[in-house]
Each structure stands twice: as structure tokens, then as C-alpha cells.
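Below: the structure, in C-alpha cells.
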Number of protein chains: 2
Amino acid sequence: MATDRESVLLSAVGLLSRQPTAAMDEIARAAGISRATLHRLFPGREALFHEIGTLALERMESALNEAAVDEGDPVEAVRRLADAVIPHAQLVAFISGESRLFDDDAITDAWDRLDARVAALFLRGQQSGAFRIELPASWLSEAFFDLLAGVGWAVQDGRLAHRDSNRALTELFLGGAVRRD
Amino acid sequence: MATDRESVLLSAVGLLSRQPTAAMDEIARAAGISRATLHRLFPGREALFHEIGTLALERMESALNEAAVDEGDPVEAVRRLADAVIPHAQLVAFISGESRLFDDDAITDAWDRLDARVAALFLRGQQSGAFRIELPASWLSEAFFDLLAGVGWAVQDGRLAHRDSNRALTELFLGGAVRRD
DNA sequence: ATCAAGTGAGACAGTCATGTCTCAAGAGAT
DNA sequence: ATCTCTTGAGACATGACTGTCTCACTTGAT
């Protein structure tokens, strides 16, 4: 039941990441089901996108909680966040990059709140002296998601090995974000 | 004449960056012209995208040449590249991120060649000891464009000041890419 | 004032994706 | 073996976008 719906959502994200304009027809085929069944599971394209957004938000919130981004050393918190969120890089990259496709205010608002939570982590790190203050915290947050999305695409397209993805993200990002003397 | 076409292309990119599925109707309205004139300038959506891709390739190639990425210190070459390409961040970000929208083989092939030229810069920097070798050169290239795209969006959405964009890109990226002891 | 060129508004048919429906076939339980 | 539930295939009307065309209007030059 839920497993089924979720696998359909994930295959839809996989396709839509490459072809944002893919028709319901193609989405159904990518999931290995018929167009009729797809409409039974998600009544309409809007509903499908809504559930994709909801799933992405759930995963993202879980990752933030799991990583305990509000506690402890900010640098270590970023590493924990990368650990927790990289398994869902495709999904998060989709909602982050393609967020303009979501007309849904509830989704975009909730996303903005999660985004703000990440920005707060960087602001906290700047105040504690861990992160460079020359770069705005909002930019650090944006850059983190940009690179996360990039990792997601690179892995999906086979340009980056999955086992290298965590290092690729954290080393590059932290190298640029951590304050040095 | 050419100026007119170009301004239409740029406003189209501005709109399509936010709404990749925007109709010709909306593209025309965003450019301040009628749908009829838009079709006179660019006979069909495909032709419009083709010219956007061509323009982006021209700008990108000019930037690579201007920056002389094949010569001199790799770190300085990256700085020069950022200088040269940031004015066209929106355009390059569009073709880079939304490249899946281009069915045009000529465009994607030419883009891959330019992308490879950037990757060669990073490979050269790794061989000279300037850049970290733990990160694949292809990932450095990808990350550079991801961050460039992020800068483009952030500036467009007003989240980042234009005068800060160069520093935001080069400091974060080079901080993570440059080798340290 | 006249003329030429370009533009905008609207109409038009064609195409495609969508959402809904029906019906036949298959899977699984009893 | 039978029954029930779910699925897939296809048909259907609807709506949206596209590409093309016509016509009236404006602009600028002569």
C-alpha cells in the first residue's frame, strides 16, 4: 500500500528530474503501471506533485532531526546533515531545484521553513567562529543545497560514484565554508 | 535588429528559469511583445530554444577564451573564469541546469565540449598540485557550475547582491577546491 | 499627405495531454 | 472452482498550447 505509492513517487522523481515536462503517460510507464492505475493512486498531476513535495519534506525534516542540526559543533552538524540527507539527495534536489514547479503554497512554505532551519545552522556556526563570516549565511545554505542537488544529479547520471558522494559534498563545501586563520 | 532579438531571448531566459513550462503566450508578454511578433522573430518554440542555447554557448565560449583557462596558474584561471562568466550566470545556469530541455543534439554536444574544457582546467590544476586530488575533476567542474547556477538564481531572486556574487562563488568554491597542507 | 513596413489583436484548425469512463483479463482468497 | 478485487487497455470529451493567417493600426520616411 504505502510502499507501492512510495515507489511510484520515487520513480516519478527519477523521471521528472531528467524530463520535468514528462506526461502522466510516461510517468506511469516509468513506474511500470498503467495510466489508469496512476490516476487511481494519485488523482491528477497536481495531486502527484503534492505528494512528491510532502514526501520530500518528510525526508528532509527527518534528516534535520536525525542530524540534530541545532546542537553541538556546527561543522560536525553539517557532516551529520550530509550523512542523513544524501540518501535522499534526488528527492531533495528535485524539490529544491524544481520548486518553481510547485504551485502548492503549503509545500513551498514548509520548504522555506526547513530551509531557514539550515540557514540558522550556518548562522550559528558563523557566530561561534566556525564558519567564515565573509559569506552570508543564506548563501551558505543555498550553496549547500546547490551542491547537494549536484551530487544527486551526478550520481543519477553515473558521473559520480555513490560511495564518493558524501565526501564530494562535505569536503568541497566545508573546505569553502570553514573559517581559517 | 540583433539587439532586439537578444533582449527577447534574455527576457525569455529570465522567465523560463522560473517557469520552465511557460507558454509562448507568457514568453511574449514577458518580452513586451505580441505572440505574433515572437513567432516572427523565432518561428516556433524549438527555434527559440535553439537560439537561447546558441547564445549561451557563445557567451560561455567567449568567457572561456577571455579567461584564458588553458594558461597560467589554475587558481587564477578559475578567478578569471568567474569574472568572465558571472555576468552571464543566468544564461549559463539555464543551459547548464535545464539542459535536459534541449532536444537539440548540436547544442548539447557543443555544451559538453565546453564543459570538458572546464574539467580540463581542474584536471590541469590537480596535476600541478593546485587543486585537491581527492575530488574528481569532473566533480569540481560540476560543482563549479552548480554554484554558478546558484549564484544566478540567488541574484535573480534578490537573495544575493550582485556585487557579492563573484566573491560568493570564488571564495566558497576555491576554499573547497584548493589543496592545503 | 502618402506610402511602406512592422506590430498587435483576434480567429482558426491541428495537436497533444489530461481526466474520466467502461470493459475484459488476471491475481488471490475462500 | 468460484468469487472478489485490482489492474490494464482503450475510448471519449475536454481543455490548453501551438502554428498560421488575416486585418486594422501605428510608426516613420519621403
Side-chain angles (χ1 to χ4, degrees), chain A residues 1-56 94-95 97-108, chain B residues 1-56 94-95 97-108:
Chain A
M1 33 185 294
T3 312
D4 204 20
R5 292 172 62 86
E6 191 173 300
S7 71
V8 172
L9 288 177
L10 291 179
S11 78
V13 169
L15 176 62
L16 289 169
S17 296
R18 300 167 180 274
Q19 284 186 312
T21 62
M24 296 291 276
D25 189 4
E26 306 170 270
I27 296 174
R29 211 176 310 138
I33 60 178
S34 71
R35 200 163 67 93
T37 302
L38 179 61
H39 269 87
R40 286 187 192 106
L41 289 173
F42 310 99
R45 191 184 182 82
E46 197 174 347
L48 176 67
F49 273 71
H50 180 83
E51 296 226 25
I52 289 176
T54 303
L55 181 62
F94 181 75
I95 193 181
E98 229 76 24
S99 65
R100 324 149 214 152
L101 290 184
F102 291 90
D103 286 342
D104 201 320
D105 284 344
I107 300 289
T108 51
Chain B
M1 33 185 297
T3 312
D4 204 19
R5 291 172 62 85
E6 191 172 300
S7 71
V8 172
L9 288 177
L10 291 179
S11 77
V13 169
L15 175 62
L16 289 168
S17 297
R18 301 167 180 275
Q19 285 186 312
T21 62
M24 295 293 276
D25 189 2
E26 306 169 90
I27 295 174
R29 210 176 311 140
I33 60 178
S34 71
R35 199 162 69 93
T37 302
L38 179 62
H39 270 87
R40 286 188 192 104
L41 289 174
F42 310 100
R45 189 185 183 83
E46 196 173 349
L48 177 66
F49 273 72
H50 180 82
E51 295 226 26
I52 289 176
T54 303
L55 181 62
F94 182 75
I95 194 181
E98 228 76 27
S99 64
R100 325 147 214 155
L101 290 183
F102 290 90
D103 286 341
D104 201 320
D105 283 345
I107 299 290
T108 51

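In what follows, chains are A, B, ... by sequence order, proteins preceding strands, each numbered from 1. None of these values were measured; they are calculated from a predicted model.
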Show the nearest heavy-atom pair for residues [X] and [Y], with the distance to one decimal.
X      : Y      : result
V8(A)  : A31(A) : CG1-CB, 4.1 Å
A22(B) : I27(B) : O-CD1, 4.0 Å
G44(B) : M24(B) : C-CE, 3.9 Å

Protein-nucleotide distance ([X], atom [atom1]; [N], atom [atom2]), rounded to Å:
X      : N       : atom1 : atom2 : result
F49(B) : dC17(D) : CZ    : C1'   : 13 Å
I27(B) : dC17(D) : CD1   : P     : 12 Å
D4(B)  : dA5(C)  : CG    : C1'   : 15 Å
L38(A) : dA9(D)  : CG    : P     : 13 Å

Presence of T37(A) side-chain N/O under 4.0 Å of dG8(D) phosphate oxygens OP1/OP2: yes
N or O in side chain of S34(A) less than 4.0 angstrom from dT7(D) OP1/OP2: no
Would L16(B) and I52(B) count as a side chain to side chain contact (heavy atoms under 4.5 Å, CB included) if you check the C-alpha gap in whole Å, the side-chain angles of each, and the deciding distance to 0.1 Å? CA-CA 11 Å; L16(B) 289 168; I52(B) 289 176; 4.1 Å; yes
What string of B, S and - do you get for nucleotides 11-28 of chain C, 5' to 3', when a contact is any protein heavy atom under 4.0 Å? B-----SBBB--------
Test log, rule side chain to side chain contact (heavy atoms under 4.5 Å, CB included), inputs H50(A) and F42(A): CA-CA 9 Å; H50(A) 180 83; F42(A) 310 99; over 6 Å; no
Checking side-chain contact (heavy atoms from CB on, under 4.5 Å) between L41(B) and each of L48(B), L9(B), I33(B), which is the one that passes? I33(B)
